[in-house]
Amino acid sequence: MEPIIAIVLVLIGYALGSAKLINEGNEALVERLGKYHRKLDPGLNFIIPLLDQIVMEDTKREQILDIKPQNIITKDNTSVEIDAVVYWHIQDIRRSYYEIEDLQSALTQLSTTTIREVLAQHTLEETNVSRSDIDRDILDALNAITPKWGVEVIRVDIQSITLPESVRKSMEEQRAAEIKSRAAILEAEGERQAAVKKAEGTKRSMEIISEALRDDSVNKDILRYLVAQDYINASYKLGESENAKVVFVDPGKSADMMEFISEAVSQEGNNKKSENGSL
């Protein structure tokens, strides 16, 4: 009876020793007598105790590799601090175990070196503007090497680019200067358009006056009257100014000008009186 019990216990121990449960999302490698034998999938698996040995079990889910902030020199010799994250997963668990000694360390070193090399090919402005293009260049460079380790890099994210204080202030001053320059250009353009419209208005006024003078028999008197009225209006504006003004008049024309100015003033005064009387 005792031998039977012993055999049963041996069989139970063998069954327990040979049964291996692999969690969902993981895979395991089995060696038989020190040599690769097979791969275990998720679920219940059986191996031969003493002959078989599970040497590795790892996940095939997506993993995150945080690259520590590091100083990098850009193409235009500017020192910046880069903080990046690499997302990756194991495609071939056998390669990840037999082709590289320390997968995590190798990925970290490779990612750090690749980020340095790619950013060194871009200027500081390109680094800030073309962030997505740089991420893609780094991703392509990593995936050119990692497949032999059984690894695929899914994406690379440059989380932050920290500039030295002197460079940051210089960029802020440059942006401020660009804003002022654009404002000055817009103001000059506005003044130019205003001058063009004013010139067009003056041209149109001259055309209207010329048209009227051609049709009116007393065109000379009308013209002299308009000149005198403009002179009066200008004199009023000069008189309202706080600063003293000196106006020079051609002596040869002063008598005629004063005569028509007086007439214009008298006529304007009569017009105002008539308006007040009507009120």
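Index from 1, following the sequence.
Under the 3.5 Å distance criterion, the side-chain polar atoms of Asn143 are matched with a main-chain donor or acceptor of Val153. Side-chain N or O atoms of Lys20 include none that pairs as donor or acceptor with a backbone N or O of Leu44 at under 3.5 Å.
Residue Gln121 holds its CD atom at 11.0 Å from OG1 of Thr127, rounded to the nearest 0.5 Å. To the nearest 0.5 Å, atom CD1 of residue Ile185 and atom CZ of residue Arg192 are 13.0 Å apart. Taking CZ of Arg61 as the start and CG of Asn26 as the end, the distance is 5.5 Å to the nearest 0.5 Å. From Met56, atom CE reaches atom CD of Glu31 across 11.5 Å, with rounding to the nearest 0.5 Å. A distance of 7.5 Å separates CD of Glu126 from CD1 of Ile134, quoted to the nearest 0.5 Å. The structure places CG of Asp135 at 11.0 Å from CG of Asp140, a figure rounded to the nearest 0.5 Å.
Residues Ile90 and Ile154 do not share a hydrophobic cluster, clusters being chains of Ile/Leu/Val/Met/Phe/Trp/Tyr side chains in contact below 4.5 Å. Taken together through direct or relayed side-chain contacts under 4.5 Å among Ile, Leu, Val, Met, Phe, Trp and Tyr, Ile115 and Ile145 form part of one hydrophobic cluster. Linking ILVMFWY residues whenever their side-chain heavy atoms come closer than 4.5 Å, directly or via other members, places Leu110 and Tyr98 in the same cluster. One hydrophobic cluster, built from ILVMFWY side chains closer than 4.5 Å, cannot hold both Tyr87 and Leu142; they sit in different ones. Clustering ILVMFWY residues whenever any of their side-chain heavy atoms sit less than 4.5 angstrom apart, transitively, puts Val55 in the very cluster that holds Ile93.
With sequence neighbours left out, Arg155 forms a salt bridge (Lys or Arg N to Asp or Glu O under 4.0 Å) with Glu62. With sequence neighbours left out, Leu50 forms a side chain to side chain contact (heavy atoms under 4.5 Å, CB included) with no residue at all. The side chain to side chain donor-acceptor pair (under 3.5 Å) check on Glu99 picks up nothing, with sequence neighbours excluded. By the side chain to side chain contact (heavy atoms under 4.5 Å, CB included) test, Ile100 pairs with Leu103, Ala106, Trp149, sequence neighbours left out. Residues satisfying the side chain to side chain donor-acceptor pair (under 3.5 Å) test with Gln159, not counting sequence neighbours, are none. Residues forming a side chain to side chain contact (heavy atoms under 4.5 Å, CB included) with Gln109 (at least two apart in sequence, or on another chain): Ser105. Not a single side chain to side chain donor-acceptor pair (under 3.5 Å) links Tyr36 to another residue, sequence neighbours left out. Annotation: side chain to side chain contact (heavy atoms under 4.5 Å, CB included) contacts of Leu65 (sequence neighbours excluded): Ile67, Val86, Trp88, Gln104, Leu107, Thr108, Ser111. For Thr112, the side chain to side chain donor-acceptor pair (under 3.5 Å) criterion is met by no residue, not counting sequence neighbours. Scored by the salt bridge (Lys or Arg N to Asp or Glu O under 4.0 Å) test, Asp52 finds Arg32 as partners (sequence neighbours excluded).
Counting only residues at least two apart or on different chains, the salt bridge (charged side-chain N to carboxylate O under 4.0 Å, His left out) pairs with a member in residues 38-50 are Glu27-Lys39. Applying the salt bridge (charged side-chain N to carboxylate O under 4.0 Å, His left out) rule to pairs touching residues 76-89 yields nothing, sequence neighbours excluded.
Between Asp137 and His122 there is a side-chain heavy-atom pair separated by less than 4.5 Å. Proximity of Ile161 to Ile82: side-chain heavy atoms (C-beta onward) are separated by under 4.5 Å at one or more points. Taking the side chain as every heavy atom from C-beta outward, Leu119 and Val80 never approach each other to under 4.5 Å. In this structure, Lys60 and His89 have side chains that are not in contact, with every pair of non-hydrogen atoms separated by 4.5 Å or more.
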List the steps, then state whether side chain to side chain donor-acceptor pair (under 3.5 Å) holds for Glu189 with Gln193. CA-CA 6 Å; Glu189 179 64 19; Gln193 292 180 1; 3.2 Å; yes
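Contact between Pro42 and Gly25 at its shortest, heavy atoms only, is CG-N, 4.0 Å.
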